[in-house]
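In the text below, chain A, chain B and the rest are named by the order of the sequence lines, each starting its count at 1.
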Number of protein chains: 2
Amino acid sequence: MKPKQRRSQILEAVGQQGEVSVEVLAQRFDVSVETIRRDLGQLAESGVLQKVHGGARRLRLHAEGSFDERMAENAEAKQIIAKKLAAIVEPGDTIFIDTGSTTLICAQALAAIDRLTVITNSVRVAQVLGKSEKNITVYLLGGTFSHDNAETVGPLVIDQIARFQVDHAVLTVAAINADVGAMDSDFDEAQVARAMIDHANHTIVLANVEKLGRNAAYRVCRLDEINSIVCDQSPGAEFTAALDWAKVELR
Amino acid sequence: MKPKQRRSQILEAVGQQGEVSVEVLAQRFDVSVETIRRDLGQLAESGVLQKVHGGARRLRLHAEGSFDERMAENAEAKQIIAKKLAAIVEPGDTIFIDTGSTTLICAQALAAIDRLTVITNSVRVAQVLGKSEKNITVYLLGGTFSHDNAETVGPLVIDQIARFQVDHAVLTVAAINADVGAMDSDFDEAQVARAMIDHANHTIVLANVEKLGRNAAYRVCRLDEINSIVCDQSPGAEFTAALDWAKVELR
DNA sequence: AAATAACTTGTCCATTCGGGCATTATCTGC
DNA sequence: GCAGATAATGCCCGAATGGACAAGTTATTT
């Protein structure tokens, strides 16, 4: 086996397992531990992994891997959402997805649907869906990059959203109540959500039950502008009545 | 057997098996190892495979080659290039950066410069620079998301680039030669690079010495459209003369 | 603080690389 | 068809690379 090949396999192993020991690598490639150390030294030098005592670790920039693991944990909830969404979103549809922890899980669920076109401002959503085998086209909206949430925001994003007219807008919100409607805790994200609603034929809001009845700083839209709410469990009768009145479909 | 035929079979073998040794090839074609080495030298020169100690490897420029692997290549050369680039860019500048392993390393170097505005189609570049404490604004260009390289491409990207007019365009290319100019191995990336050049006052091309004199599928620009080439080491006298003639500054 | 594991550095040997040179095959123009 | 030119090939040798072993140093554990 050639050194290059070995190093690339080391890199792959580190990427997959997160952390590997010098000893294990030496056995696997049947070379001495010194050789492995030199390899790790080079790889660390070039900044693609991190050396630790006893082995090497993937650096957190490549959080995709651990990211997937976290996604896998929520498999059950994902399945529930996937089923509910699959009833709304059909193969071949075009949809907006905004940034949020819920929409991210949702993206994973959508990755199983064929021929989707997804337009999002979330880098993570784009990454999840881009990996899909299901012939999904992903448009990542451009704008000011916000590192914290790995998303783009700002006027440029709004501007680009306006170029599309899609079937569904799939949104995460911070709070919903019967009087005000949907709200977000971040101004920029609220603006993005607002724009997505304006250019979608059908608006789907994802919200776990805790968010119902609460308040947040920035308003996204009125209750009757929402077409569907996907919820993990049934909300109270009072809220259900309000939804009914606003002709919102509850899932 | 004709040399041409042999070379094409070597290329095929490398493509199939990923990696082959000089020894094996020499036996298979019943020629000396020197001949095989020469063949590999030529093939590597034209950029269709990669030489390694003891043989040759398929390069994974197009296929889903892990980006990390490319990061690990020529790490030292890229560090040198990054340092030189940091000397050109000044605090407060606005720059384009395209996608590439070299530009990614450079992004790390640029993260130390104050008050930059960076416009890029690379998610990774955005992540690296977004992390900086140096008051850097990052615009991520929107477009069709390509999962392999974590970048956006397509007409939307081109369209957005046209909205900017920046100080420097910092580009990675696959090959440069005196006759054709700069080339890329990916059509979409070549288009993006082209657009960036058109909307920048100063074009900087990053290239390690191996890329000089090579060829690649898609043309980016003529030599005289480049203002500066940042190289890890001095190219041959012949190439230097060509750069001189085209009034390209060499670093 | 001692014991142990892990890391670093230096040396040596085998393999591989690359250039120079001689030989042979192929091409080209007459 | 022939002579000269060009390219391809094989062999040799000094230089470079990779890997194992060993000795010394640093870090971790108990």
request  = For DNA chain D, find the residues of residues 31-42 of chain B with a heavy-atom distance under 4.0 Å and give them by number; none if there aren't any.
outcome  = B:Val31, B:Ser32, B:Glu34, B:Thr35, B:Arg38
message = Less than 4.5 Å apart, side chain to side chain, heavy atoms only: is that true for B:Asp98 and B:Thr172?
response = yes
message = From CD of B:Glu23 over to C1' of C:dA14, roughly how many Å is that when rounded to an integer?
response = 14 Å
message = Given a 3.5 Å cut-off on both pairing distances, which stems involving DNA chain D, each at least three consecutive Watson-Crick or G-U pairs, are present, if any?
response = C:1-30 with D:1-30
key: Backbone of A:Glu151 reached by a side-chain donor or acceptor of A:Ser146 within 3.5 Å   = no
key: Whole-Å distance separating the CD atom of A:Glu45 from the C1' atom of C:dC7   = 16 Å
Reference residue A:Arg57; test side chain to side chain donor-acceptor pair (under 3.5 Å); the match among A:Glu19, A:Gln50, A:Gln17 = A:Glu19
key: Pair B:Lys134-B:Leu116, side chain to side chain contact (heavy atoms under 4.5 Å, CB included): steps then yes or no   = CA-CA 8 Å; B:Lys134 286 285 185 178; B:Leu116 284 184; over 6 Å; no
task = Please report, rounded to the nearest Å, how far the C1' atom of D:dG19 is from the CG atom of A:Asp30.
result = 12 Å
note = Tightest non-hydrogen contact, residues B:Cys106 and B:Ala82, listed as SG-CA, 3.7 Å
inquiry  = Between P on C:dC27 and NZ on B:Lys4, what's the gap in Å once rounded to a whole number?
reply    = 12 Å
key: Closest non-hydrogen atom pair, B:Cys231 against B:Ile81   = C-CG1, 4.1 Å
ask   = Are OP1 or OP2 of C:dG18 and a side-chain N or O of B:Lys51 less than 4.0 angstrom apart?
value = yes
inquiry  = I'd like to check A:Val123 versus B:Leu140 (side-chain heavy atoms, cut-off strictly below 4.5 Å). Are they in contact?
reply    = yes
inquiry  = Looking at A:Arg6, I'd like to know whether one of its side-chain N or O atoms comes within less than 4.0 Å of OP1 or OP2 on D:dG18.
reply    = no
inquiry  = Minimum heavy-atom separation for A:Ala13 and A:Arg28, please, with both atom names.
reply    = CB-NH1, 3.7 Å
remark   = B:Gln5 CD to D:dT9 P, in whole Å, measures 12 Å
key: Interatomic distance, B:Leu25 CG vs C:dC17 P [rounded to whole Å]   = 11 Å
Audit row: A:Glu34, A:Ser32, side chain to side chain donor-acceptor pair (under 3.5 Å) steps and yes/no = CA-CA 5 Å; A:Glu34 289 90 342; A:Ser32 72; 3.1 Å; yes
